[in-house]
Each structure stands twice: as structure tokens, then as C-alpha cells.
Amino acid sequence: MRIGELAARAGTTTRTLRYYESRGLLPARRTGNGYRTYDEDDLRLLRQIRTLQDFGFDLEETRPFVECLRAGHPEGDSCPASLVVYRRKLAQLDALIEELTSVRAQVGAQLARAEAAVPGGPEPKCELGGQA
């Protein structure tokens, strides 16, 4: 299939496909007259890339998964390099969850203090900006 058909089937643009090609994620096969040509395996690569990006992986993080598919594995995440990326991403997500949990606790504490203020009483002190 040509680049336009692949883009349509993958739900992306030809510009994106050319970018992936320039990054070495999509093969650059050409016919005798210079047209790019692709097959169903290339569509699988694109779907793998898109799924990972939907999960928050950046483009370079998808490379081990693409290489795993190219090596003939039916799933792009069954190679050791893919597992390394999964583990690293999970560690990043765990750190982010921990940080957000801490921020949530702080906001909850601020809300509790604000709600505990007696109507008509003194102005509650805003501890976020250090102002009274």
C-alpha cells in the first residue's frame, strides 16, 4: 500500500509517517518510481506506536517495541528491551502517583482548615502564600 492508504488505515497523517520514517521507526521501502510502499506489518508497527503513545510513552520509548515486532515476535512487548521500558515507565508512574498523592493530601488539609473557619470569625490565614 502507499503512504496515503497506510495513513488512513492507521488514523494518522502522511506527515507523521514521514517523520517516523526519518526517525527509523518505519521502514523506508520504495518502488522503482520512488513511491513509498508499506504492508500489513508496517500497519502493526504503527498501531503499536500509537497505543504506547496513548499510554504516555514518548516516541523514542516505542523503539524497543518496534524492533521486537520487526524481529518477528508476534507482540512488541515480548523482548527484554521492551520489558526494560515497561519497568522504567511504571517507576515513573509510581513516582508521579506518590507526588500527586502528597499534593492531594496538602490540598485536602487546606480545605479542611478553610471549612473549619467559623463564619463571622477572624479571617483564616492563607498558608499557601504566607499572607494573612
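Along the sequence shown, residues carry numbers from 1.
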>> Do R44 and L69 have side chains that approach each other closer than 4.5 Å (heavy atoms only, starting at C-beta)?
In response: yes

> Sub-3.5 Å donor-acceptor pair from the side chain of R50 to the main-chain atoms of G11, do we have one?
Replying inline: yes

>> With heavy-atom distances below 4.5 Å as the criterion, would you say the side chains of E67 and C79 are in contact?
In response: no

> So which heavy atom on Q53 is nearest to which on T62, and how close?
Replying inline: CG-CG2, 4.4 Å

> Which heavy atom of G76 sits nearest a heavy atom of C68, and at what distance?
Replying inline: O-CB, 3.3 Å

>> Return the CZ to CG distance between R88 and L90, rounded to the nearest 0.5 Å.
In response: 11.5 Å

>> Is it true that, when you exclude E5 itself, more than 12 heavy atoms of the residues, nucleotides or ligands shown sit nearer than 6.0 Å to its CD?
In response: yes

> Is there a side-chain contact between Y38 and L43, using heavy atoms and a 4.5 Å cut-off?
Replying inline: no

> Closest approach of I3 and R18, non-hydrogen atoms and distance?
Replying inline: CD1-CG, 3.9 Å

> Pick from R29, R15, R30: which one makes a salt bridge (Lys or Arg N to Asp or Glu O under 4.0 Å) with E21?
Replying inline: R30

>> With a 4.5 Å cut-off on side-chain heavy-atom distances among I, L, V, M, F, W and Y, is there a chain of contacts connecting L83 to L52?
In response: yes

> Hey, any chance V85 and V66 share a hydrophobic cluster, counting ILVMFWY side chains that come within less than 4.5 Å of each other, even indirectly?
Replying inline: no

>> Restricting to non-hydrogen atoms, name the atom on R9 and the atom on M1 that form the minimum distance, rounded to 0.1 Å.
In response: NH1-CE, 3.4 Å

> Hey, is the main chain of I97 close enough, under 3.5 Å, to the side chain of T101 for a donor-acceptor pair?
Replying inline: yes

>> Restricting to side-chain hydrogen bond (donor to acceptor under 3.5 Å, both in side chains), what partner residues turn up for D77, sequence neighbours left out?
In response: Y86

>> salt bridge (Lys or Arg N to Asp or Glu O under 4.0 Å) for E60 and R63? Distances and angles first, verdict last.
In response: CA-CA 6 Å; E60 194 55 36; R63 187 173 301 281; 2.6 Å; yes

>> Any heavy-atom pair between the side chains of D42 and P27 that's under 4.5 Å?
In response: yes

> Is L46 reachable from F57 through a run of I, L, V, M, F, W or Y residues, each pair having side-chain heavy atoms under 4.5 Å apart?
Replying inline: no

>> Main chain of Y35, side chain of T31: is a donor-acceptor contact present, judged purely on distance under 3.5 Å?
In response: yes

> Would you say Y19 and L45 are hydrophobically clustered, going by side-chain heavy atoms of ILVMFWY under 4.5 Å?
Replying inline: yes

> Are any non-hydrogen side-chain atoms of E99 and R104 less than 4.5 angstrom apart?
Replying inline: no

> Think K89 forms a cation-pi with F55, using NZ or CZ under 6.0 Å from the six-ring centre and within 45 degrees of its axis?
Replying inline: no

>> Could you report the tightest heavy-atom contact between Q92 and E61, atom names first, then the distance?
In response: OE1-OE2, 4.1 Å

>> With a 3.5 Å distance limit and no angle check, can you tell me whether R36 reaches the backbone of G4 through a side-chain donor-acceptor pair?
In response: no

> Would you say the side-chain atoms of T51 pair up with the backbone N or O of R47, donor to acceptor, closer than 3.5 Å?
Replying inline: yes

>> Tell me the closest heavy-atom pair linking L26 and R70, and the distance in Å.
In response: N-NH2, 3.3 Å

>> Counting C-beta onward and ignoring hydrogens, is there a side-chain heavy-atom pair between L59 and Y20 closer than 4.5 Å?
In response: yes

